[in-house]
Amino acid sequence: MDKLKQEITKLAREIGINKVGFTTRERLADAPPSGDLTYVLPGAESAISLAVALDKQAIRDFLSKKDQMAHTRDHRASYMKVIKAGMAIEKLLQEMGYEAKALWPNYEYRKGQPFLAMVPPLSHRYVAVAAGIGWLGWSGNVLTPEYGATVSLLSVVTSAELEPDKPMEQRDTCDKCRLCAASCPGYFISAKEETAVNVAGNAYKHNKKAHNARCEVSCGGANGVRNRESKWSTWSYKVLDLPEPGNDEKFMRVVQEYAREPDNRLLRILLDAENLSLPPLESAGPFMDRMLFTCGNCMLVCWPDLEERKENHRLLTTSGRVVRGEQGPVVVKQG
Ligand code: SF4
Ligand code: SF4
């Protein structure tokens with residue numbers, strides 16, 4: 001490994017990053033447009049991918065609706081950790097005379113795209129896959145051999161020419177259990193339909209996702225159930241009665257009708273997510289402190305071991321529903 005890569009890896013490890021990988025503009029040439037490093041840095045040659053694992057016990061307590069906040073705090077902390085490492089690597093590279101840019105781990109989208117296309121400036125997933133951190137599972141999330149999909153990712157783009165790591169050999173760790181699809185309240189992840197994507201010389205097949213707003217609305221907390229009768233929910237007590245997959249036009253009409261209701265301020269904010277104004281990365285702390293996680297189920301259930309994944313799904317779907325109580329959200333089991 002060359003000296004600069006060693007230095008970057010050491011710095012990231014000291015901050016608590018679990019996995020570090022390197023890739024190049026060239027390696028990402030076959031990826032979809034959001035894998036283009038030059039969109040964020042015209043002179044980009046390489047990218048560094050950082051991954052931090054989430055706490056497993058906090059995930060189980062979250063899925064089983066015992067405790068929302070332990071995972072929320074852990075997830076926020078994981079974002080802050082990749083941000084801290086990203087900024088430190090950016091500074092190191094800039095001090096050496098290279099251009100470098102650390103990106104937000106989430107919440108940032110390209111401007112001037114169709115309504116709610118939600119294209120990130122750079123896909124951390126494609127960068128991570130090209131950098132050998134993991135491979136794309138059926139959910140479209142990055143699956144690592146050690147932590148499954150339960151990682152927070154961030155990329156740093158640079159003009160430095162760094163030797164790329166080998167993308168992981170495609171292994172059959174995603175066994176197509178479809179528990180990610182079965183855990184999604186928004187019908188965003190299809191259990192049946194698939195689509196193909198190339199990244200760094202490998203061909204992946206993952207689910208054919210529905211309209212991005214289906215995840216945005218449910219993961220953002222404006223909907224917690226598949227339908228009004230659902231026996232389980234996310235940590236959101238909101239009910240939008242979303243149409244089932246296959247009719248995204250109807251879905252958008254339904255969502256926009258709900259957004260008109262005075263009570264649905266959160267939904268209005270989410271539908272305007274592409275115009276969210278983010279602070280500079282160095283001021284991310286107060287922004288992150290306001291984040292309350294209600295879903296993320298597709299990644300949280302996806303652990304490497306199938307039996308553990310089944311248990312995660314069981315915990316999610318047998319732990320009842322969150323409803324609005326007088327003092328705030330309460331969990332109720334439905335018979
Ligand atoms: S939950 Fe199952 S199907 Fe979905 S990505 Fe994980 S291993 Fe693959
Ligand atoms: S985060 Fe939640 S709503 Fe979004 S795709 Fe995953 S399971 Fe579905």
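Nothing here was measured: the structure is a model prediction, and the numbers come from that model.
- N18 places a side-chain N or O within donor-acceptor distance of the main-chain N or O of A53, the cut-off being under 3.5 Å.
- Atoms CZ and SG, on R309 and C302 in that order, are 5.5 Å from each other to the nearest 0.5 Å.
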CA sep, side-chain torsions, deciding dist, call: E311, R314, salt bridge (Lys or Arg N to Asp or Glu O under 4.0 Å): CA-CA 5 Å; E311 176 61 5; R314 189 192 69 77; 2.9 Å; yes
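- Partners of W303 according to the ring-ring contact (aromatic ring centres under 6.0 Å, His included) rule, which considers only residues two or more places apart in sequence or in another chain, do not exist here.
- Between Y98 and L4 the shortest side-chain heavy-atom distance falls below 4.5 Å.
- Shown here is K111, whose NZ atom has more than 12 heavy atoms of other residues, nucleotides or ligands within 6.0 Å.
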For K91 and E95, run salt bridge (Lys or Arg N to Asp or Glu O under 4.0 Å): C-alpha distance rounded to whole Å, both residues' side-chain angles, the deciding distance at 0.1 Å, then the answer. CA-CA 6 Å; K91 186 161 175 269; E95 282 172 356; 3.4 Å; yes
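- No hydrogens or angles considered: a donor-acceptor pair under 3.5 Å links the side chains of D61 and Q57.
- Remark: N264 CG to E257 CD distance equals 12.0 Å, nearest 0.5 Å.
- Between Y79 and Y107, the angle of the ring planes goes over 60°, which puts this pair in the perpendicular group of the 30/60° scheme.
- Counting heavy atoms of neighbouring residues, nucleotides and ligands inside a 6.0 Å radius, atom CD of E26 does not exceed 12 of them.
- Residues forming a salt bridge (charged side-chain N to carboxylate O under 4.0 Å, His left out) with D272 (at least two apart in sequence, or on another chain): none.
- Here the side chains of D55 and H71 are not in contact, with every heavy-atom distance at 4.5 Å or above.
- Here the straight-line distance linking atom CG of L281 with atom CG of L103 works out to 7.5 Å at 0.5 Å rounding.
- A 4.5 Å side-chain heavy-atom check between W232 and R321 finds every atom pair outside the cut-off.
- To the nearest 0.5 angstrom, H124 atom NE2 is 9.5 Å from L50 atom CG.
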Could you walk me through whether V197 and T195 satisfy the side-chain contact (heavy atoms from CB on, under 4.5 Å) test, starting with their C-alpha distance in whole Å, then the side-chain angles of each, then the deciding distance to 0.1 Å, before giving a yes or no? CA-CA 7 Å; V197 63; T195 189; 6.0 Å; no
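- Separating the CD atom in E90 from the CD1 atom in I83 is a distance of 11.5 Å, to the nearest 0.5 Å.
- Here T158 contributes atom OG1 and I8 contributes atom CD1; the two are 7.0 Å apart, rounded to the nearest 0.5 Å.
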